[in-house]
Amino acid sequence: MPWIVRQLVRLVVVLFCVTLLTYMIVNILPGDVAIVILGNLATPQDIAGLRADLGLDRPMLVRYFDWLGSALSGDLGRSYRNGEPVAQAIIDRLPVSLQLMVMAQVIALGIAIPVALLSVRKPGGIFDRISASAAFGFLAMPNFMLGIVLIYLFSVSFDLLPATGFTPMSEGLWDNFESMILPSLTLGLIEWTVLMRVLRSDLLTTLKEDFILLARVKGLSPWRVLLRHALRPSSFTLITILGLNIGGLIGGAVIVEQIFALPGVGRLLLGGIFNRDLILVQGTVAFIAVGFVVINFLVDMLYAVLDPRVRHVRFRS
Amino acid sequence: MSDLLAIQNLTVEYPVGGGRHVHAVSDVTLSVKQGETLGLVGESGSGKSSLARALLQLPPPKGGAVLFEGQDLTKLGGKALRAVRPRLQMIFQDPIASLNPRRKVAEIIAEPLIVSGVSDAAERTRRVRAVMEAVGLDPDLVWNRRPHEFSGGQCQRIAIARALVLEPSLIVCDEPVSALDVSIRAQIINLLEDMKARFGLTLLFIAHDLAVVKSVSDRVAVMYLGRLCEVADSESLFTTPAHPYTAALMAAIPEPDPDVPLGDTKLKPGDPPSPLDPPSGCRFRTRCPHAQPRCTDEVPPLRQIAPGREVACHFPLVG
Amino acid sequence: MSGAPLLSVREARVGFFTARGPLRAVDGVSFDLEKGQTLGIVGESGSGKSVLVRSLIGLVGESSGAEVGGQVLFEGRDLRALPAREFRGVLGRDIGVVFQDPMTSLNPVMKIGHQIGEGLRLNRGLDARAAAARAVELLTEVGIPEAERRAGQYPHELSGGMRQRVAIAIAIACAPKLLIADEPTTALDVTVQRQILDLLQREQRERGMAMILITHDLGVAAGRADDIMVMYAGRAVETAKTRELFRSPRMPYTEALLRSLPRLTDPTHTRLSAIPGRPPDLARRSGGCAFAPRCRYRTDRCDEEQPMQTWEGARGYACFHPRGVDVGGSGGAAE
Amino acid sequence: MSASAAKGAVVAATRPRRRWHWALALPLGWLMLVVFLAITADWIGLPDPSAQELILRRKPPSAEYLLGTDNLGRDMLSRIIYGARTSLIVGICAPFLGFLVGGAIGMSAGYFRGKIDMLAVGFIDILLAFPSLVLALTFTAYLGQSLFNVTLALGILSIPAAARVSRANTLAWANRDFVLAARTIGASNWRIITREILPNLLPPMFAFWLVAISVIIVAEGALSFLGLGIPAPQPSWGGMIADGREALDVAPYTALIPAAVMFATVLSLNFVGDMVRNMVDPRRSAL
């Protein structure tokens, strides 16, 4: 069976398990779902009504497949707090979260790649040691702490940037950008350290290979050797880590959206959890997990595009 | 001399994904006589290491039988197989990788005794000290030290001691000197010869260096791409090679003597084919100077051309 | 020998800082190499042969914390004194290198034709199209069938032997004056090794290149080198014409090496004369000759004093009791 | 050609890397201080961390209140020290649970391969499909917020990471010849795993455990920051930072001090973790 088909089958299986696991988490937890949603002051009739609506008397697996069936057709059920369809709530908030994560990733890569290249130019040199310590420092900074420190510096002490709130692009690009700088910096400034360290260690390993010595014998300047020969073979682990870190970013986004009051998917989830809105939580967690799995699948595909060795093994066997 | 080990129609294949297989060893029949050293020669990809591991059922072969002291190892289950193992030992190419870096030398050599149930600690210590001295290691000096404190040659001595401590009848030596420096090789070769004489061992000596194989072997078998080409006693094989591949190997070896002219391998240009899809018929035909159409259609059987000499070639150079 | 030798090395030295203290991998090695000649550098692992040659062309750099010393004259110019850009020019145009492992000496994610053409574009000013055409010619010259198709392929699609041929094509692309082969065939099978060595020698003769052939295999050196330099523990212990070295070695280490080799001409089970002891530990150097602990002709002087390099015309060795030379009855009975 | 030819120019080499020793004292010292205070918190006469004195609200650090008071008038110093106890308990126990379970799964997958390996890899992939914080949030939200539940949730979340590290290491070691040699002498699988592979597996796992502690401390902080971790009024650094957020303009120290303490602790842990990894496997250390 060709590789691509095997991977698609694997993707479907993982997605199936992920959604099942989400559904189970929300349903097998202690406490009756209806009571949890309506709260223990609710009258027995309300509880009975809700149970009927949700069809809670049917076995969980059957309910799961119903939920999955409707989910595939875009209906993630209705929130029991405000009756708004969950899917619609997610779609409305998706652009904010996506913009946040994309900007954070751009900042992270924008710092990580040049810094890694510069520090590898003279391993153990001054720049290498400074960047390593800086990376070390940022790595030890939790994003919620960094967010507070950035707000304290840029909003409280010097009123340069808004501390909270989100201005959609429709109301002016610059305002939107201004409102997103601090949140994306909060995520990006930590993310770059992980990417830099991975790229740096791979570059150092590649630079010991014979084909780098051969490039130097050809008379290539150190920078040309780094950029034309060392960078590409060293970028594969970086790409894999990019995929895996998306999960970390989503988690981080939840916090950053909370700190900066950005109306994103993360904050939607938090709200759902606080309000005991199980249906909303169920839909959001499933959406996030599915998104994460799909992104990682695409990153895996990217791998094959960049590395001819992988491409040949995967698409010729 | 009766056969201590008889390999019949041994076949070893590794799946490589996408339904394709590496044909490492194909239908090899070979026997090792009690007390002899059988040399097994071949280039990388010839399947000699795969054959060695299949003998020890690590992993078991895909097909064929391995008769050791009358028992077919491929038929034996866990416990029964483990009971036979002490008499069939192995030493490896990379001496340092064959020793657990976290354990002391004494523990490494004593482990086989513990595993085979020698519970009396004093008895174990006595036998470990004896086998250490036998391989030229000073027990008091090395007892509590760890493998990283030793050179390649000394690590191989420790590995040999570990193989000897259970008094095996057959030792499979998988390229035991290839990873060692030239000056150390002779030490280990002499040690193996001494141990064989002293403990009445039988050796299966695997290597790609013909000169080393000739120095230690009574009989020699030559393998190419998973198949046996030729089996003969050492003297006649090296003086009058019957298979074209053996002749080419001999001609290709650079003699450490400037006056010996470089031999002509007469090989067709091009690289050895891959074991993933070996050529039909005789697998050497793509490089053989004497290849005929018959070699493409018909796999040459291993047949006897003289007492104690077998060759798998339609047009052997001798007989 | 007209004019200055192509390459002249004086007191080459390489030291590393390791966890076990400073380690002198190359401890003062001097040699000359004439145009069109082949120098075989023979030694076991840890003898410093590879580090020596790599340090000459600046491949043992500051990154590994190495301390590099000595003088390297290439066509009369001291490479170590040249500014970086000029040095790279000389390296790119006039020196080609073939490394040991064909698996790692080619860029795994760059097409073969491109890797061959790169040197041509940089050093010979060819444009992309001309470089690509020349690359295909070179592939054919080094014996690779269907060169056109192969040029568009990646290294992992070729066998070990073919990859080494590509490495040779890269090394000779800019018509260098010096070709360095650092154990070019150690990772290959003996039949393929033979074809690669023949190819190297043919290219060297046709282009009049000088060659440094580094190997641990005395057989390879015997058949291919005009002169041989034997290295032990970072020092050049013996240098001689190939035939003289094999016929009448001066240094006990060379003699012991030659006698410890199993030979196809010897009958089976002939006892090998092994060299006792273990390889030298470069971090803990004794004052005297590094080979003393393993040498049959050792005297107290060998332990205390390091033998100086002495020369008999082109022959050089460093030993108090050289073999086959009567040095005033200082022991060392000639066997 | 005289033997003593021109002395070559000697290029100074960089000093050996031994100078790291003094740098190790600082982080180790800080960690010992934190651990010591966390253990002896009850006996060093600290005021009750949850005693509220509204009139003493937001007192800046002074002789009487070394680290000042928060916006509910509680003593910051004692809350930080009791918070340290929370963080250390969660930080040490959670990855321990993860490493026991994850380590065993990874080792059996790496050693036995075949179906077990496929199942284990699938299990890891699925658990990793959930952004860990999201899973932790849902966990504690519905299991109920308590120190035990947070530790359990974060422990379960560290299983896949631990399984991945232990599987990778087991695969590397299981293919070494000395394991094959152990098989040839007839050692049982159990003996090979415990005697040959485990001793080689512990050092890298220990180094990874150190780093995992700092990651879990941050995760606990994040949960508490969002109000879903350690329930108030139990002190937790994350919770303190969240409380301090409202008064950033008036009393920034209420947020910045716990942030600094957490930063120092996590930094020290990462530093020590890297040193250990450097000793264990110099190739893979990041510094």
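Per chain, numbering begins at 1; letters A, B, ... match sequence-line order.
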Original post:
Between B:Ser217, B:Gly153, B:Gly152, which has the largest tally of heavy atom pairs under 4.5 Å with chain C?
Top reply: B:Ser217
Subject >> Side chain proximity check, B:Leu262 to C:Arg194, heavy atoms < 4.5 angstrom >> reply: yes
Original post:
In terms of heavy-atom contacts, does CZ of C:Arg271 have more than 12 from other residues, nucleotides or ligands at under 6.0 Å?
Top reply: yes
Original post:
chain B heavy atoms under 4.5 Å from C:Asp217: which part of the residue, side chain, backbone, both or neither?
Top reply: side chain
Subject >> Polar side-chain atom of B:Glu235 near backbone of C:Thr268 as donor-acceptor pair, under 3.5 Å >> reply: yes
Original post:
Do C:Asp189 side-chain atoms and B:Glu43 backbone N/O form a donor-acceptor pair below 3.5 Å?
Top reply: no
Original post:
Do C:Val190 and B:Leu249 come close enough that some side-chain heavy atom pair is under 4.5 Å?
Top reply: yes
**OP:** Sort out for me which of C:Asp281, C:Leu257, C:Ile275 touches chain B most, counting heavy-atom pairs under 4.5 Å.
**Re:** C:Ile275
**OP:** Decide whether B:Ser215 and C:Arg263 meet the rule of one side-chain donor and one side-chain acceptor closer than 3.5 Å.
**Re:** no
**OP:** Could you please spell out the steps behind the side-chain contact (heavy atoms from CB on, under 4.5 Å) verdict for C:His216 and B:Asp181?
**Re:** CA-CA 8 Å; C:His216 64 276; B:Asp181 277 324; over 6 Å; no
Subject >> C:Glu44 portion near chain B, given a 4.5 angstrom heavy-atom threshold >> reply: both
**OP:** Any chance you could measure C:Leu261, atom CG, to B:Asp257, atom CG, to the nearest 0.5 Å?
**Re:** 11.0 Å
Subject >> chain B contact via C:Ser159 - which portion, at a heavy-atom distance below 4.5 Å >> reply: side chain
**OP:** Keeping the roles fixed (side chain from B:Glu255, backbone from C:Gly219), state whether a donor-acceptor pair exists under 3.5 Å.
**Re:** no
Original post:
In terms of heavy-atom proximity below 4.5 Å to chain C, should B:Leu267 be classed as side chain, backbone, both, or neither?
Top reply: side chain
**OP:** Just give me the residue among B:Ser151, B:Pro272, B:Ala251, B:Pro261 that pairs up with chain C most often, heavy atom to heavy atom, under 4.5 Å.
**Re:** B:Ser151
Original post:
Within a reach of under 6.0 Å around CE of C:Met103, are more than 12 heavy atoms found that belong to other residues, nucleotides or ligands?
Top reply: no
Original post:
If you draw a 6.0 Å radius around CD in B:Glu133, do more than 12 non-hydrogen atoms from other residues or ligands fall strictly inside?
Top reply: yes
Original post:
Which bit of B:Val216 is near chain C, if near means a heavy-atom gap under 4.5 Å: side chain, backbone, both or neither?
Top reply: backbone
Subject >> chain C interface, residue from B:Pro269, B:Pro256, B:Pro258 that has the most non-hydrogen pairs under 4.5 Å >> reply: B:Pro256
Original post:
So which heavy atom on B:Glu193 is nearest to which on C:His269, and how close?
Top reply: OE2-ND1, 3.0 Å
Original post:
Of the backbone (N, CA, C, O) and the side chain (C-beta and beyond), which part of C:Leu264 lies under 4.5 Å from a heavy atom of chain B, both, or neither?
Top reply: both
Original post:
Side-chain contact, heavy-atom cut-off 4.5 Å: C:Thr191 with B:Arg287?
Top reply: yes
Original post:
Judged by atom type as modelled, is there a donor-acceptor pair below 3.5 Å linking the side chain of B:Asn190 to the main-chain atoms of C:Ser273?
Top reply: no
**OP:** Determine yes or no for a side-chain-to-main-chain donor-acceptor pair under 3.5 angstrom, with B:Arg185 supplying the side chain and C:Pro262 the backbone.
**Re:** no
Original post:
B:Lys214 side chain to C:Asp266 main-chain N or O, any donor-acceptor pair under 3.5 Å?
Top reply: yes
**OP:** Select, from C:Gln193, C:Arg165, C:Arg294, the one with the greatest count of heavy-atom pairs under 4.5 Å involving chain B.
**Re:** C:Arg294
Subject >> Contacts of residues 227-240 of chain C with chain B (heavy atom under 4.5 Å) >> reply: none
Subject >> Choice from B:Asp218, B:Val260, B:Asp259, B:Ile184 maximising heavy atom contacts with chain C below 4.5 Å >> reply: B:Asp259
Subject >> Pairwise ring-ring contact (aromatic ring centres under 6.0 Å, His included) hits with a residue in residues 206-237 of chain B, at least two apart >> reply: B:Tyr224-B:Tyr245, B:Tyr224-B:Phe284
**OP:** Side chain from CB out, backbone as N, CA, C, O: work out which of these in C:Pro276 comes under 4.5 Å of a heavy atom of chain B, or both, or neither.
**Re:** backbone
